[in-house]
There are 2 protein chains.
Amino acid sequence: MKMSKQFPLNALRVFESAARQMSFTKAGEELGLTQTAVSYQIKLLEDTIGEPLFLRRPRQVTLTEAGERLAPRITEAFGIMSEAITNLRDTSEGTLIIHSTATFAARWLARHLGTFQLENPGIAVRLETSHEMIDFARTEADVAIRTGKGDWPGLRSHSLMKSHFSPMLSPELAATIGGVKTPEDLLKLRIIDPGDPWWRIWFTAAGMPDVDLGGRPSSKFGAQAFEAAAAIAGHGVAILKPEFYTDDVALGRLIQPFDLLSDDGTDYWLVYPQTRRNSRKIRAFRDFMRKTMPTFRD
Amino acid sequence: MKMSKQFPLNALRVFESAARQMSFTKAGEELGLTQTAVSYQIKLLEDTIGEPLFLRRPRQVTLTEAGERLAPRITEAFGIMSEAITNLRDTSEGTLIIHSTATFAARWLARHLGTFQLENPGIAVRLETSHEMIDFARTEADVAIRTGKGDWPGLRSHSLMKSHFSPMLSPELAATIGGVKTPEDLLKLRIIDPGDPWWRIWFTAAGMPDVDLGGRPSSKFGAQAFEAAAAIAGHGVAILKPEFYTDDVALGRLIQPFDLLSDDGTDYWLVYPQTRRNSRKIRAFRDFMRKTMPTFRD
DNA sequence: CTCTATGGATCAAGAGAACTCATCCATGAA
DNA sequence: TTCATGGATGAGTTCTCTTGATCCATAGAG
C-alpha cells in the first residue's frame with residue numbers, strides 16, 4: 001500500500017482533532033474511533049514526520065513546540081477541504097441536468113417542468129435535448145429520458161409511459177369525409193409519413209395487416225413534432241402518441257378517432273446512474289415524475 | 001474501518017493529482033500507484049460525494065462542473081498541509097534539545113559544544129540539565145546524556161565513556177606530604193566526601209578493601225563539581241572522573257597520582273528515542289560525539 | 001496516604017480497504 | 001485497417017487500521 005507515500009492523511013485528520021481537543025479519547029469520540037486507534041495514528045504521524053507532536057503527561061496530553069506549529073495549519077487545511085466539499089454538495093444539488101428526447105421535452109416537459117420548479121425552488125433545471133442515447137460516463141447529466149426497453153446496465157430506469165400511438169387528425173379534416181368511423185375511413189385521407197413503421201403496426205392491430213400505404217420506411221427522429229403540426233393544419237392523418245397531444249385534443253385542434261392504441265415495444269423511461277439514486281435532486285425529480293405521470297412505474 | 005467517516009482523504013489526494021494532470025495514468029505515476037488504483041479512488045470519491053467529478057472520454061478525462069469547482073480548493077488545502085509539514089521538518093530539524101547531567105554538561109559539553117555548532121551552523125542547540133532520567137514521552141528533548149547501564153527500552157543508546165574514577169588532588173597538596181606515591185599516602189590527607197561509594201570501590205581495586213574512611217554514604221548528585229573545586233583549592237583528595245578534568249591537569253591545577261581507574265558499572269550514555277534515530281539533527285549530534293569522544297561506542 | 005477514576009500505551013488478532021495483475025474496450029492516429 | 005493510448009473491470013492478495021482486553025501512572029477524593 002503506497003497510499004501513505006507522502007504523509008498519512010488519515011493520521012493528520014486524527015491529529016487535527018486531538019490537537020483541537022487536547023485529548024486522544026475525545027478525538028476518538030469525535031471521529032468515531034477508539035482511543036487505541038487515535039494513539040496509533042498519532043504515533044504513526046510522529047514517526048513519519050520524525051518529530052514528537054504530543055507530550056504524554058499522565059492525565060493530559062500537551063502539544064510539543066512542533067505540534068503547536070503544525071496544528072493550526074492542519075486545521076485550516078481541513079477547514080478548506082470540508083467547506084469545499086460541503087459547498088460542492090449544496091451547489092451541485094442545486095442544478096438538475098435533464099437530457100431528454102426532443103419530442104418528450106417539447107410535448108411533456110415543456111408543460112410540466114414549471115410545476116417541478118415551483119415545488120423545488122432550490123433546484124435549477126437545465127434541459128438538454130438529444131436523440132442519441134446519452135452515456136452518463138461521458139456526458140454531464142443527472143437524469144435522462146429515453147425510449148427503449150429499460151435494460152441499460154448500471155442505470156436505474158423507471159417506465160414513464162408505453163410508447164402508445166394512434167392515428168390523429170384535425171376535426172375539420174375528419175368532417176370532410178363525414179367523420180372517421182372505421183379504420184378504413186383513414187385510407188380516404190392523406191396519410192402523413194406513410195413510411196412510418198408505426199402505421200403498419202397500428203393497422204395490423206386494427207385487423208388490417210395488409211394495408212399498403214406506399215412510401216418508404218423512415219426514421220422518426222424528431223419528426224413527430226412536424227407530423228403533429230401537419231395534422232393540426234389539416235394536411236392529413238398522423239400517427240402520434242396521444243399522451244403528448246391531450247391539450248390539442250382539448251382545444252379541438254386534434255381528435256383521436258379510435259381508442260385502439262398500439263405500441264412497438266419501446267417505452268419512455270426515466271433513467272439515471274444506479275449509483276446516484278439517492279441524490280437529493282434526482283430523488284426530487286423522480287418523485288415529481290411519479291406523481292405527475294399517471295403511468296409511472298418504479 | 002470508520003476512518004473514512006467524513007470523506008475519504010486518500011481519494012481526495014488522488015483526485016487532486018488527477019485533476020491537476022487531467023490523467024488517471026499520470027496521477028498514478030505521480031503517486032506511485034497503478035492506474036487501476038486511481039480509477040478506484042476517484043470512483044470512491046464520486047460515490048461519497050454523490051456527484052461525478054470526471055467525464056470519461058475515450059482518450060482523456062475532463063472535469064465535470066462539480067470537479068472544476070472542487071479541484072482548486074483541494075489543491076489549495078493540500079498545498080497548505082504539505083507546506084506546513086515541510087516547514088515543520090525544516091524548523092524542527094533546526095533546534096536540537098539536549099538534556100544532560102549537570103556534570104557532563106559543565107565538564108564536557110561546555111567545552112565541545114562550540115565545535116558542534118561551528119560544524120552545524122543550521123542547528124541551534126538548547127542545553128538543559130537535569131539529574132533525573134528524563135522520559136522522552138513527557139519531556140521535550142531530542143537527545144539526552146545519562147549515566148546508567150544502557151538498557152533503556154525503546155531508546156537507542158551509545159556508550160560515551162566508562163564511568164571511570166580515580167583520586168585527584170592539587171599538586172600543592174601532594175607536595176605537603178612529599179608527593180603521593182602509594183594509595184596509603186592518600187590516607188594522610190583529608191578525603192573529600194569520604195562517604196562517596198566510589199572511594200571504597202577504588203581502594204578495593206587498589207588492594208586495600210578494608211580502608212575505613214568514616215563518613216556516611218552520600219549520593220553524588222551534582223556534587224562532583226564541588227568536590228573538584230575543593231580539590232583544586234587544595235582542601236583534600238577527591239575521587240573524580242579524570243576525563244572531565246584533563247584541562248585542570250594540563251593547567252597544573254590537579255594531578256591524578258595513580259593510573260588505576262575504577263568504575264561502578266555505570267557508564268555515560270548518549271540516548272535518544274529509537275524511532276528518531278534517523279532524524280538529521282540527531283544523526284549530526286551522534287556523528288559529532290562519535291568523532292569527538294574517543295571512547296564512543298555504537 | 002490509600003483508593004478510585006481518568007487518560008494513554010501496548011499487544012494480538014481480525015476485517016476489510018486498497019492495491020496489483022490481467023484483460024477488455026473505445027477511439028484517435030498512422 | 002491496424003496500432004497505440006487511456007480507462008474500466010474483476011479477481012485475488014496484501015497489509016493497514018481497528019478492535020478489545022489489559023496495564024500503567026497520576027490527580028483527586030476520602
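Lettering follows sequence order; numbering is per chain, from 1.
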Every protein N/O within reach of nucleotides 4-8 of chain D N/O, cut-off under 3.5 Å:
residue	atom	partner	partner atom	Å
dA4(D)	N3	R59(B)	NH1	3.4
dT5(D)	O4'	R59(B)	NH1	3.4
dT5(D)	O4'	R59(B)	NH2	3.1
dG7(D)	OP1	F24(B)	N	2.8
dG7(D)	OP2	T25(B)	N	3.0
dG7(D)	OP2	T25(B)	OG1	2.5
dA8(D)	OP1	R56(B)	NE	2.5
dA8(D)	OP2	S39(B)	OG	2.7
dA8(D)	N7	Q35(B)	NE2	3.2

Only counting residues at least two apart or in another chain, list the ones meeting salt bridge (Lys or Arg N to Asp or Glu O under 4.0 Å) with K281(B).
E51(A), D142(B)
For T75(B), which residues count as a side-chain hydrogen bond (donor to acceptor under 3.5 Å, both in side chains) partner, sequence neighbours excluded?
E16(B)
With no hydrogens and no angle check, do the side chains of Y272(B) and H158(B) hold a donor and an acceptor under 3.5 Å apart?
yes
Quick one: ring pair (Phe, Tyr, Trp, His ring centres under 6.0 Å) partners of F15(A), sequence neighbours excluded?
F54(A)
Starting from P on dA17(C), measure out to CG on L9(B) and report it in whole angstrom.
16 Å
In chain order, what residues pass the side chain to side chain contact (heavy atoms under 4.5 Å, CB included) check against A37(A), with sequence neighbours excluded?
L33(A), T34(A)
Atom CG of L33(B) and atom P of dA17(C): how far apart are they, to the nearest Å?
18 Å
In whole Å, what is the span from the CG atom of L31(B) to the P atom of dC19(C)?
10 Å
All pairs passing salt bridge (Lys or Arg N to Asp or Glu O under 4.0 Å) where residues 60-75 of chain A contributes a residue, at least two apart:
E65(A)-R69(A), E65(A)-R126(B)
Residues in side chain to side chain contact (heavy atoms under 4.5 Å, CB included) with T25(B), at least two apart?
S23(B), E29(B), Q35(B)
Rounded to the nearest Å, what distance is computed from the CG atom of residue L55(A) to the C1' atom of nucleotide dG8(C)?
14 Å
Nearest-Å distance, CD (E46(A)) to P (dG8(C))?
13 Å
How sharply is the helix from dC1(C)-dG30(D) to dA30(C)-dT1(D) bent, taking the axes over five pairs at either end and rounding to 10 degrees?
30°
When the distance from CD1 of I42(B) to P of dC19(C) is rounded to whole Å, what number comes out?
12 Å
Kindly say if Q41(A) contacts the phosphate of dT18(D), meaning a side-chain N or O under 4.0 Å from OP1 or OP2.
yes
Going by the rule ring pair (Phe, Tyr, Trp, His ring centres under 6.0 Å), which residues pair with F288(A) if we only count those two or more places apart in sequence or in a different chain?
F116(A)
